[in-house]
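Since the structure comes first, as structure tokens, the remarks are kept for the end.
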Amino acid sequence: MYPKSFNDSNGDGIGDLKGITEKLDYLQSLGIELIWICPVYCSPFIDQGYDVSDYYHIDPVFGCNEDMYELIHESKKRGIYIVMDLVVNHCSDQHIWFQNAMKDPYGKYGKYFYIREEVNGNAPCNWRSYFGENAWSKLPGHDNLYYLHLFAKQQPDINWENPEVREELYKMIQWWFDKGISGFRIDAAAFIKKTMPFEILPADREDGFCTYEIPPTCNDGLHEYLQEMKKRTFEANDAFTVGEVVSFEEEDLEKYISDDGCMSSIFDFSLYMIGKQGEDFDGFYSHKQPTANEFRDALLRSSRLSFNVGFLSNFIENHDLPRAASHFIPEKDISEISKKMLAGLNLMQYGLPFLYQGQEIGMENLSFSSADEIVDIGSHMEYTLALEKGLCEEEALKKIQEYSRDNTRSPMQWDKTENAGFTKAAPWMRINPNYMKINVAEQEAREDSLLNFYKKLILLRKNPEYKETLVYGKETSFLEKEDNFVGFFRKDKNKKILVMANFQRKGKFFQLPEGEKKVLINNYSEPVNLETNVIQMRGYQLLILDIK
Ligand code: GLC
Ligand code: CA
């Protein structure tokens, strides 16, 4: 959940904690069991809360600590766990630690950050931050000193090498457990350990910088830190933890998610890595829309990789990515049918399914008419970069429109009243004009809506007859060589479930496996004929069959 854009309870245009509490019945009716809330700590919001200035207090835009305790309490009553965002790779430059470090860089708090002397008048190395600039900035007030920030310059990286700062973080984590939260989503989890000493890397663009990547062979020492954090905090609290780990080596997966791994799960980014690696990838402006075959390959690969190890967390949307329908489905084919197909794949795959607010009603990307409309710091940087790369303004804006993080951050569309029922005031961010058509109220009232389809899928996952198989059952491919088709079985010794998606506009015939079949889910209202073993699937049709 992206709290700024979920629901505004006090009419200041910004979503808040009471706003979430107000909607708990809605969330319960959807069937979810856990909410990961993006950061709600005190923050100057340079990176929308991922720049924390005080870990112990809720930012006033979201309410106060009591509102958080109330949300935890009310959620618990409805069987919903609350998971907070743990942003400990970096904090805000407004955090008292960094303020003190600036006053006395050689003292106690200087050691809380990576502060280094200049080298021949330059920064210690040539790393580029994730928002495109030098990852080293001059420490204000100290001309010969630099500090490291892998994200914005207002987000200084915390020095995990220092045991004292680790203790401070563990204390804070425990403090939140004592308040009743059930776990954490761990932001930028694989970045907390840097490759030392800081080294100049071969430049990867004309600016002479190199984007710091987590080394392919797992960063020496990273897992010691993650294990220590688990032992000191998560373990004793029986917490659920899910890490943001964008890429990892296959053999390292068990270090993350096996029983002895450092986390309960990590997010599976593979659907979003499509087209972002390899020779012709040259930054976000060179992304291409994933094809159905690429989608299938990524999905099957993840389940193969993780099945004997643990659970990856599956998602098709989050606050850093475009809306799934806009991203995975060709524009002319975006419809409730194709959205339902994506929903089925998201929820039936082996792993822990996460939904992102608004996905359940099929919200779509925003359109941008000018660069002034960009809110996100990362998208501003990307826009500039695209222009530098020689794209004209119109093309650059089109890329932003496709990939901007603003796409999923526009307010939740509750109903067709003014401001989509999200707020009574001017919203902090643009509302997608399609809210008149796409909104919760309309879909709650319509039996065959996407929202009701999500509910059905979630109920199926929880159905005592199918739950074991859908959670623990092995995933094996079906018709893997077939183009524009995603098919897999989920099976165990009691049940065999077949998930089939005709991931294209045109209808096609498919040969079904032997056995007596029952349709559990169909995204078309017309019944399917299972009398013969050849079935005609319509465009973007999704079928979930129980096979005896
Ligand atoms: C994660 C967050 C993203 C944030 C970044 C820096 O990737 O999901 O929103 O900008 O970390 O904290
Ligand atoms: Ca508010």
Side-chain angles (χ1 to χ4, degrees), residues 1-23 36-41 43-53 55 58-64 67 71 83-93 95 129-133 135 148-158 184-192 211-214 242-247 266-267 269 272 284 313 315 317-322 354 356 375-382 403-409 411-412 419 421-429:
M1 178 176 293
Y2 202 66
K4 259 191 158 181
S5 296
F6 190 62
N7 182 34
D8 174 23
S9 73
N10 64 345
D12 65 354
I14 309 176
D16 43 54
L17 293 178
K18 276 195 185 312
I20 302 177
T21 307
E22 279 176 7
K23 296 289 184 186
W36 150 36
I37 310 176
C38 284
V40 286
Y41 314 96
S43 168
F45 293 101
I46 297 294
D47 186 20
Q48 300 305 341
Y50 282 95
D51 43 332
V52 179
S53 54
Y55 290 100
I58 297 298
D59 192 278
V61 305
F62 296 121
C64 59
D67 295 342
L71 172 60
V83 164
M84 288 179 91
D85 216 305
L86 185 64
V87 193
V88 288
N89 172 70
H90 45 268
C91 60
S92 159
D93 62 350
H95 194 289
S129 82
Y130 277 89
F131 295 142
E133 289 150 346
L148 178 72
H149 53 86
L150 291 183
F151 294 89
K153 70 170 187 292
Q154 297 91 339
Q155 294 169 294
D157 278 53
I158 294 175
F184 287 101
R185 174 265 186 184
I186 308 169
D187 185 63
F191 286 107
I192 59 171
T211 298
Y212 175 72
E213 306 274 1
I214 313 160
V242 51
E244 185 198 32
V245 179
V246 176
S247 63
I266 61 175
F267 284 111
F269 279 87
Y272 276 93
F284 93 102
S313 288
F315 65 95
E317 281 182 14
N318 75 22
H319 67 292
D320 291 330
L321 298 165
F354 274 73
Y356 178 75
V375 177
D376 167 43
I377 178 174
S379 308
H380 274 291
M381 176 278 289
E382 286 169 341
Y403 299 109
S404 171
R405 307 200 297 181
D406 286 346
N407 279 315
T408 40
R409 297 178 180 186
M412 182 72 188
N419 299 322
F422 161 71
T423 178
K424 300 237 165 354
W428 77 282
M429 203 190 151

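Both counts, for ligands and for their atoms, begin at 1 and track the order of listing. Because the structure is a prediction, the values reported are computed rather than measured. Start at 1 with the first residue, then count along the sequence.
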Next on the checklist: Run H95 and Y55 through ring pair (Phe, Tyr, Trp, His ring centres under 6.0 Å) and show every step you take.
Outcome noted: CA-CA 9 Å; H95 194 289; Y55 290 100; 5.6 Å; yes
Checklist entry - Mind checking whether the Ca ion (ligand 2) has an N, O or S of T423 under 3.0 Å? => result no
Checklist entry - What atoms of ligand 1 come within less than 4.0 Å of a heavy atom belonging to H90? => result 6 (C), 12 (O)
Checklist outcome for this item: Counting heavy atoms under 4.0 Å, the part of Q48 that contacts ligand 1 is neither
Next on the checklist: Checking one value in my table: which N/O/S atom of D16 lies closest to the Ca ion (ligand 2)?
Outcome noted: OD2
Checklist entry - Thinking salt bridges, do R405 and D47 make one under a 4.0 Å N-O criterion? => result yes
Item to check | Part of Y2 within contact of ligand 1 (heavy atoms, under 4.0 Å) | outcome: neither
Item to check | Distance from atom 9 (O) of ligand 1 to nearest protein heavy atom, with residue and atom | outcome: D320 OD1, 2.7 Å
Checklist entry - In ligand 1, which numbered atoms sit nearer than 4.0 Å to a non-hydrogen atom of F131? => result 10 (O)
Checklist entry - Is the number of heavy atoms from other residues, nucleotides or ligands within 6.0 Å of CD (E22) greater than 12? => result yes
Item to check | I14 N/O/S atom closer than 3.0 Å to the Ca ion (ligand 2) | outcome: yes
Checklist outcome for this item: among protein heavy atoms, the one nearest atom 1 (C) of ligand 1 is D187 OD1, 2.7 Å
Next on the checklist: Students should be able to answer this: which protein heavy-atom is nearest to atom 7 (O) of ligand 1, and at what distance?
Outcome noted: E244 OE2, 2.6 Å
Item to check | Sub-4.0 Å atoms of ligand 1 with respect to non-hydrogen atoms of R405 | outcome: 3 (C), 4 (C), 9 (O), 10 (O)
Checklist entry - Between OD1 of D8 and OD1 of D12, what angle is found at the Ca ion (ligand 2), rounded to 10 degrees? => result 90°
Checklist entry - To the nearest 0.1 Å, how far is atom 10 (O) of ligand 1 from its closest protein heavy atom, and which atom is that? => result D47 OD2, 2.5 Å
